[in-house]
Amino acid sequence: MIDDVTRSLLDTLPRGGRYDLSVAHDPASNLHALTIVIDGETFLPGIGYESSDDFEFDRDQIEAYLVTRKQKCGGCGSCSCG
């Protein structure tokens, strides 16, 4: 299960129709930084992993959360808001 801090960082990202997740080594932090591409636009939410294997453990949960997360909105009906 992803933690509250991770969920909070993901909630700052816009909703989209397509999400692609990857990690790349960041020499400045010596971590593997999460990169999320949402409908062709790249975002770096500030989430890092000790190794790419640690990311793989969270990948499915993060993808599922991005699709199903609830946001405060006007209730347009085109998303998973509840």
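Note that the structure is predicted; figures quoted are calculated from it, not measured.
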Notebook entry, point to check: Which is it for Val37 and Phe43 under the side-chain contact (heavy atoms from CB on, under 4.5 Å) test, yes or no, and what are the steps along the way?
Noted result: CA-CA 6 Å; Val37 178; Phe43 297 91; over 6 Å; no
Margin query: Could you tell me if the side chain of Ile36 sits less than 4.5 Å from the side chain of Glu63, heavy atoms only?
Written below: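 Side chain of Glu63 against side chain of Ile36, heavy atoms only: no contact under 4.5 Å found.
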Note to self: I need the full list of side-chain hydrogen bond (donor to acceptor under 3.5 Å, both in side chains) pairs touching residues 33-51, with sequence neighbours left out, sorted by first then second residue.
What the structure shows: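 Sorted pair list: Tyr49-Asp58.
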Any chance you could measure [X], atom [atom1], to [Y], atom [atom2], to the nearest 0.5 Å?
X: Arg15; Y: Ile38; atom1: CZ; atom2: CD1; value: 10.0 Å
X: Leu34; Y: Arg59; atom1: CG; atom2: CZ; value: 9.0 Å
X: Leu21; Y: Glu56; atom1: CG; atom2: CD; value: 9.5 Å

Next item on the list: List in chain and number order the residues that pass salt bridge (charged side-chain N to carboxylate O under 4.0 Å, His left out) with Asp26, two or more places apart in sequence or in another chain; answer none if no residue qualifies.
Entry: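 Applying salt bridge (charged side-chain N to carboxylate O under 4.0 Å, His left out) to Asp26 gives none.
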Using distance alone, with no hydrogens and no angle criterion, decide if [X] and [Y] have a side-chain donor and acceptor under 3.5 Å apart.
X: His32; Y: Asp54; answer: no
X: Asp3; Y: Thr6; answer: yes
X: Tyr65; Y: Asp11; answer: yes

Item checked: Joint hydrophobic cluster, Val23 plus Leu44, side-chain heavy atoms closer than 4.5 Å ->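 They do not share one cluster, since no chain of ILVMFWY contacts under 4.5 Å joins Val23 to Leu44.
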Check: What about Leu9 and Ile2, same hydrophobic cluster or not, with Ile/Leu/Val/Met/Phe/Trp/Tyr joined at side-chain heavy-atom distances under 4.5 Å?
Finding: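 Yes; Ile2 is reachable from Leu9 via cluster members.
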Note to self: Please give me the minimum heavy-atom distance between Asn30 and His25, naming the atom from each residue.
What the structure shows: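 So the two residues come closest at OD1-NE2, 3.0 Å.
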Next item on the list: Dump the intermediate steps for side-chain contact (heavy atoms from CB on, under 4.5 Å) on Val5 and Ile47, then the final yes or no.
Entry: CA-CA 9 Å; Val5 173; Ile47 300 170; over 6 Å; no
